[in-house]
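Numbering of residues begins at 1 and proceeds along the displayed sequence. When a ligand or atom number is given, it counts from 1 through the structure's own listing order.
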Amino acid sequence: MLASALAMDKVMSKHVFAQAGIASPAYVALRRGDQVDFTAVTSRLGPKTVVKPANEGSAIGVTISHTPDELPAAVEEAFRYDESVLVEQFVSGVEVTVGIIGNDELRVLPTLEIVPEHEFYDYDSKYIPGMSRHIIPARVSEEARAECQRLSLEAHSALGCRGMSRSDTIVDEAGRIWLLEVNTIPGMTATSLLPDAARADGLEFPALCDLLIELALEARR
Ligand SMILES: Nc1ncnc2c1ncn2[C@@H]1O[C@H](COP(=O)(O)OP(=O)(O)O)[C@@H](O)[C@H]1O
Ligand SMILES: [Mg+2]
């Protein structure tokens, strides 16, 4: 419960990640009604940023602001969904997601690279078949894959997740890994990521569902 509440709030998550020593993109947190100094935000984060409501999911209200002049509209859009908004430094690289399954003994799923048809992994990419490709394992170095898995495990534990989680990361050109977020209730649709990674690990969807139910019951005992 606390894990989901923490993970749902992208600003709160950032505090937990920082405490755990997990790198996450630089950001500025805004509250509705703040007098925003856009010049200061840009000089801190660089010209290209990603603006997100703190508490949404499915990329709802998320906008990439390519240049500083796009920033005010992007911020206004995010405030339609939440009174707390995050402006993040844009990190270019390969998007890699890692699923974790388990309560005490944790099973780390293979890395999955997301290749969206659109500019980023937006709502359509997530839910419309064919709008994104899933590549397993991710096309990054062996070391980067292992590091994505290690960081996802660490983030899972730092947030106190139970049962499952799925961490979204970006591997940049220098091979550095940035944690975007941890999903405590990852998508489980036909186009979703965790079921695909589980399948690649020998866990078909019905077996995955059985396992998750078992883990949820076990966690309550
Ligand atoms: N800092 C960033 N740099 C580059 N792309 C990003 C960044 N943050 C988010 N994105 C893109 O936006 C998508 C949605 O962002 P995310 O933080 O995962 O929110 P959501 O909870 O809506 O999935 C990501 O999957 C990624 O494609
Ligand atoms: Mg996400």
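Counting atoms of ligand 1 from 1 in the listed order, those under 4.0 Å from a heavy atom of I170 are 3 (N), 4 (C), 5 (N). Counting atoms of ligand 1 from 1 in the listed order, those under 4.0 Å from a heavy atom of Y121 are 13 (C), 25 (O), 27 (O). Here is the list of ligand 1 atoms found below 4.0 Å of a heavy atom in E88: 1 (N), 2 (C), 7 (C), 8 (N). For ligand 1, the atoms closer than 4.0 angstrom to any heavy atom of K10 are 17 (O), 19 (O), 20 (P), 21 (O). Atoms of ligand 1 lying under 4.0 Å from any heavy atom of E95, numbered from 1 in the order shown and given with element: 24 (C), 25 (O), 26 (C), 27 (O). Interface atoms of ligand 1 facing S58, defined by a heavy-atom separation under 4.0 Å, are 22 (O). Ligand-side atoms of ligand 1 in range of D168: 18 (O), range being under 4.0 angstrom from any heavy atom.
Shortest contact from atom 16 (P) of ligand 1 to any protein heavy atom: E181 OE2, 3.7 Å.
The minimum heavy-atom distance linking Q149 with L109 is given by the pair NE2-O, 3.0 Å. Looking at every heavy atom in both residues, H156 comes nearest to M164 through CE1-C, 4.0 Å. Taking both residues in full, the closest heavy atoms of R32 and F79 are given as NH1-O, 2.9 Å, listed atom of the first, atom of the second, then distance.
For ligand 1, the polar-atom distance check finds no N/O of F90 at less than 3.5 Å from any of the ligand's N/O atoms. Residue contacts with ligand 1: K52 is placed with a nitrogen or oxygen under 3.5 Å of a nitrogen or oxygen of the ligand (distance criterion only).
If you look at Q89 next to ligand 1, the close heavy atoms, those under 4.0 Å, all belong to the backbone.
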